[in-house]
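Written out below as structure tokens is the structure these notes cover.
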Amino acid sequence: MSAIEVRHLYKTFKQKGETVEALKDISFTVEKGDIYGIIGMSGAGKSTLVRCFNYLEKPTSGEVYVDGKELGSLKEKELRAERGKIAMIFQHFNLLMQKNVLDNVCFPMQIQKKKKSEARERALELLRTVGLEEKAAAYPSQLSGGQKQRVAIARALACDPKILLCDEATSALDPQTTASILELLKDINRQFGITIVIITHQMSVIREICSHVAIVEKGCLVESGTVEEIFAHPKSRAARDIILRDQPEGGAAGISGSWQGEHRQKERLAADKKIRIVFSENSAFEPVIANMVLKFGTPVNILRADTKNVAGVAKGEMILGLPHEEALQIEMQNYLKEKGLEIEEVTEDVE
Ligand SMILES: Nc1ncnc2c1ncn2[C@@H]1O[C@H](COP(=O)(O)OP(=O)(O)OP(=O)(O)O)[C@@H](O)[C@H]1O
Ligand SMILES: [Mg+2]
């Protein structure tokens, strides 16, 4: 049985009267134990495709099979169970800034109601796996980018996933750190037999660790196969372009440099929606957020949490980064309002 199989997948976004066909008739298979790369230009549909793998994005039509089960046919509870087998890491790590490294790794186990002592033990073991045991008490702000990604990887492994999805996980890292993170992913693949899907815009990443690759262009799958096959005999223009662009450092720097520059800028523009929650002394906001994460089966990013003493009353605010999907953003905001929390949209950058 394959790890992931998608059949005739379409995803259309409708927003403000505009229609975007993000995915058009995509079919391919990721076998168990593969390290499968997905490459393409900014806006090609890579993130949307991978988000369909765990139904964070519901396809407009077509099927997604995970471990032989068609996700569209599952009841909510079964879907949540299947999603639990799929972990994800991101370009900007998405760690909880107010929690230390150990608590970040414990967080998913806490949501699963695992016993605290067991969760701690497992978290320490995972931190050993990623080579960061001595940083257990440190806060994310005290770590380098590579170390933050290691923590994110440890957290992703906490629920024993069968599949790990990596969305531009090394795009914010320098080449050396990228190499060490790729090495770690390779180890995890070998040691635990976890199937890995890697989204990237760098052919060097594909070349470094992937067994297979799919090339996505304007929502279509233009080519897929083993990495050797595609490198040796690229059939599509897109594949030839990508291989050509993938010059060693200093090579066609002008081309790849501007491509990546454009990519980063788009990434910033598309930053997740942020909301501010204001609470006073008695509102139990933390369990509300934990329950929301549990209910929607989707993580949110706590970008800031502050409490202030205003005229003798504890007042606080928390800034949350909501997931990309608009429908989910609306549902989450409604959920928070229902629970009596005041929310407002944040437009400025949060560091
Ligand atoms: N929630 C959404 N609502 C409307 N349009 C969306 C949404 N998510 C993605 N899109 C659109 O779908 C297309 C594919 O986007 P996607 O984020 O999957 O691209 P990508 O290949 O991951 O790009 P990048 O390399 O920049 O991350 C883009 O045109 C994008 O604007
Ligand atoms: Mg993307």
Side-chain angles (χ1 to χ4, degrees), residues 4 6 9-26 28 36-62 64 88-94 149 152 164-173 178 196-206 210 213-224 236 238-239 241-242 245-246 255-275 296 298-301 321-333 345:
I4 304 167
V6 296
L9 207 64
Y10 286 81
K11 177 71 190 183
T12 306
F13 291 108
K14 289 206 175 74
Q15 214 176 26
K16 297 186 188 110
E18 267 188 57
T19 303
V20 181
E21 282 191 297
L23 300 176
K24 289 175 262 187
D25 198 17
I26 294 202
F28 74 109
Y36 207 113
I38 296 178
I39 191 167
M41 299 274 262
S42 189
K46 306 178 295 294
S47 295
T48 306
L49 174 60
V50 161
R51 291 162 58 79
C52 285
F53 290 172
N54 54 4
Y55 258 51
L56 282 184
E57 209 76 78
K58 197 171 177 304
T60 305
S61 65
V64 178
M88 227 172 159
I89 58 171
F90 306 91
Q91 180 172 9
H92 298 297
F93 324 119
N94 291 10
Q149 197 57 289
L164 177 62
L165 308 177
C166 312
D167 192 347
E168 301 279 4
T170 57
S171 296
L173 305 176
T178 294
I196 298 184
V197 177
I198 293 188
I199 294 183
T200 181
H201 60 276
Q202 296 170 299
M203 201 63 186
S204 55
V205 169
I206 305 276
C210 294
V213 61
I215 298 173
V216 182
E217 189 185 39
K218 294 186 185 133
C220 299
L221 183 89
V222 288
E223 208 164 328
S224 64
S236 62
D241 277 358
I242 286 168
R245 209 178 271 117
D246 178 50
I255 310 174
S256 68
S258 68
W259 191 40
Q260 287 183 28
E262 179 202 14
H263 185 273
R264 294 228 173 86
Q265 197 180 4
K266 259 205 93 178
E267 184 82 31
R268 257 198 308 278
L269 290 177
D272 290 345
K273 186 191 181 89
K274 299 184 284 283
I275 56 166
F296 292 98
T298 307
V300 295
N301 200 3
L322 299 183
H324 213 62
E325 193 188 342
E326 211 190 353
L328 201 55
Q329 291 173 0
I330 294 168
E331 280 181 50
M332 283 184 164
Q333 291 180 79
E345 197 169 331

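Just so you know, ligand 1 is whichever comes first in the structure, and atom 1 is the first atom listed for that ligand.
- For the atom pair CD of Q149 and CD1 of I89, the computed distance is 4.5 Å after rounding to the nearest 0.5 Å.
- Not a single heavy atom of H201 sits less than 4.0 Å from an atom of ligand 1.
- In terms of polar-atom proximity, defined here as any N/O pair under 3.5 Å, S42 does make such a contact with ligand 1.
- The ligand atoms of ligand 1 that sit less than 4.0 angstrom from a heavy atom of T48 are 9 (C), 14 (C), 15 (O), 16 (P), 18 (O).
- Look at T48 and the Mg ion (ligand 2): no N/O/S atom of the residue is under 2.8 Å from the metal.
- Looking at S47, P323, A22, G43 and measuring to atom 17 (O) of ligand 1, the nearest heavy atom belongs to S47.
- Checked by atom type and distance alone, the side chain of K58 never pairs as donor or acceptor with a backbone atom of K11 at under 3.5 Å.
- In this structure, CD in Q329 is found 11.0 Å from NZ in K274, a value given to the nearest 0.5 Å.
- Considering backbone and side-chain atoms alike, F13 places every N or O at 3.5 Å or more from each N or O of ligand 1.
- To the nearest 0.5 Å, atom CD1 of residue I26 and atom SG of residue C220 are 7.0 Å apart.
- Panel note: side chain E223, backbone S236; a donor-acceptor pair is recorded below 3.5 Å.
- The side chain of Q15, and not its backbone, has at least one atom closer than 4.0 Å to an atom of ligand 1 (non-hydrogen atoms only; side chain from C-beta on).
- Within the listing of ligand 1, atoms 11 (C), 12 (O), 29 (O) sit less than 4.0 angstrom from a heavy atom of V20.
- Exactly one of V205, D167, T178 qualifies for a side chain to side chain contact (heavy atoms under 4.5 Å, CB included) with T200. That residue is V205.
- Within the structure, ligand 1 has G45 among the residues with a heavy atom less than 4.0 angstrom away.
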Quiz item: Can T48 and F13 be said to form a side-chain contact (heavy atoms from CB on, under 4.5 Å), step by step?
Solution: CA-CA 10 Å; T48 306; F13 291 108; 3.9 Å; yes

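- The shortest separation from a heavy atom of M41 to ligand 1 is under 4.0 Å, placing the residue in contact.
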